[in-house]
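In what follows, a single structure is set out as structure tokens and then discussed.
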Amino acid sequence: VQEVGAQAPPPPKAATSDGLSTHATLGKLAIEPVSFGRLPWMVFDERSGLPQNTIVDMEVDARGIVWAATQDGPARYNGHAWETVPLPRAMRSNYARVMQVSRRGGLWIGSFDGGLAYLQDDRWTVYGTAQGLPSNRIRGLLETPDGKTLWIATDRGVARLQDGKL
């Protein structure tokens, strides 16, 4: 695995009979073929900067940043290292349960029991039962193709967020 950025990745190689000689790019990672007998895995865990080993969701944002939702908060991988991104204190929970990249450029994060948060330009907006969610336990997120509506699955029903209103 190598960082993509400073140097352009090598041009794609033609596939060989072993089917392993092709290049792939995901976000800011370029995945190169490995030598025979060597495992093609790079394992990330707490030792490599994740806040916790249990990953419950993953997303890649428009900038190519890989996001991981863990039981101890979300984290982002910039091609070099993982960085923990604590949820806002108002949520009273750091357990990121589900994420959805927004077509507006931000990231929606539903927590296990702290409601919903939207991160854009390093600013948080938080939604919870006080703002109209049926529950603070978020189970799923779905944004419409135009990015104007977010459907929020909770343990007490589904809510719709449209034009900033639940």
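Bear in mind that the values here come from a model prediction, so they are computed numbers and not experimental data.
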For atom CZ of R103, decide whether the heavy atoms of other residues, nucleotides or ligands shown that lie under 6.0 angstrom number more than 12.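 Enclosed.
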Is it the case that over 12 heavy atoms from other parts of the model lie below 6.0 angstrom from the CZ atom of R104?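 Buried by this count: over 12 neighbours within 6.0 Å.
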At what distance, to the nearest 0.5 angstrom, does [atom1] of [X] lie from [atom2] of [Y]?
X    : Y    : atom1 : atom2 : answer
N94  : S111 : CG    : OG    : 9.0 Å
Q100 : L142 : CD    : CG    : 6.5 Å
L141 : E59  : CG    : CD    : 9.0 Å
I55  : D45  : CD1   : CG    : 9.5 Å
R76  : R63  : CZ    : CZ    : 7.0 Å
R137 : D113 : CZ    : CG    : 5.5 Å

Go through the steps for Y95 and D72 under the test side-chain contact (heavy atoms from CB on, under 4.5 Å), then give the verdict. CA-CA 5 Å; Y95 186 157; D72 198 19; over 6 Å; no
List the atom of [X], the atom of [Y], and the distance in Å for their closest heavy-atom pair.
X    : Y    : answer
W108 : L150 : CD2-CD2, 3.4 Å
I138 : L133 : CD1-CD1, 4.0 Å
N78  : A81  : OD1-N, 3.0 Å
G73  : P51  : O-CG, 3.5 Å
V126 : M91  : CG1-CG, 3.8 Å
L50  : A68  : CD2-CB, 4.3 Å

Intermediate values then yes/no, side-chain contact (heavy atoms from CB on, under 4.5 Å), V98 and V56: CA-CA 7 Å; V98 62; V56 294; over 6 Å; no
Side chain to side chain, W151 and V158, heavy atoms closer than 4.5 Å: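 With C-beta onward as the side chain, the pair touches.
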Side-chain contact test, heavy atoms from C-beta onward, threshold under 4.5 Å: evaluate it for V66 versus M58 and give yes or no.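 Side-chain contact under 4.5 Å: yes.
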Cluster overlap [X] with [Y], hydrophobic side-chain contacts below 4.5 Å:
X    : Y    : answer
V101 : I109 : yes
V60  : M42  : yes
W67  : L87  : yes

Determine whether a donor-acceptor pair (N or O, by modelled atom type, separation under 3.5 Å) exists between the side chain of [X] and the backbone of [Y].
X    : Y    : answer
T144 : T149 : yes
D121 : R123 : no
D57  : M99  : yes
D163 : K165 : no
T70  : P74  : no

Under the side-chain contact (heavy atoms from CB on, under 4.5 Å) criterion, do L116 and N136 qualify, and how do the steps go? CA-CA 7 Å; L116 176 68; N136 282 332; over 6 Å; no
Contacts of Y118 that satisfy side chain to side chain donor-acceptor pair (under 3.5 Å) - sequence neighbours left out: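 Y118 satisfies side chain to side chain donor-acceptor pair (under 3.5 Å) with Q120 once adjacent residues are dropped.
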Using the ring of each side chain (for Trp, its six-membered ring), is F44 parallel, tilted or perpendicular to W82, with breaks at 30° and 60°?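 It falls in the perpendicular class, over 60°.
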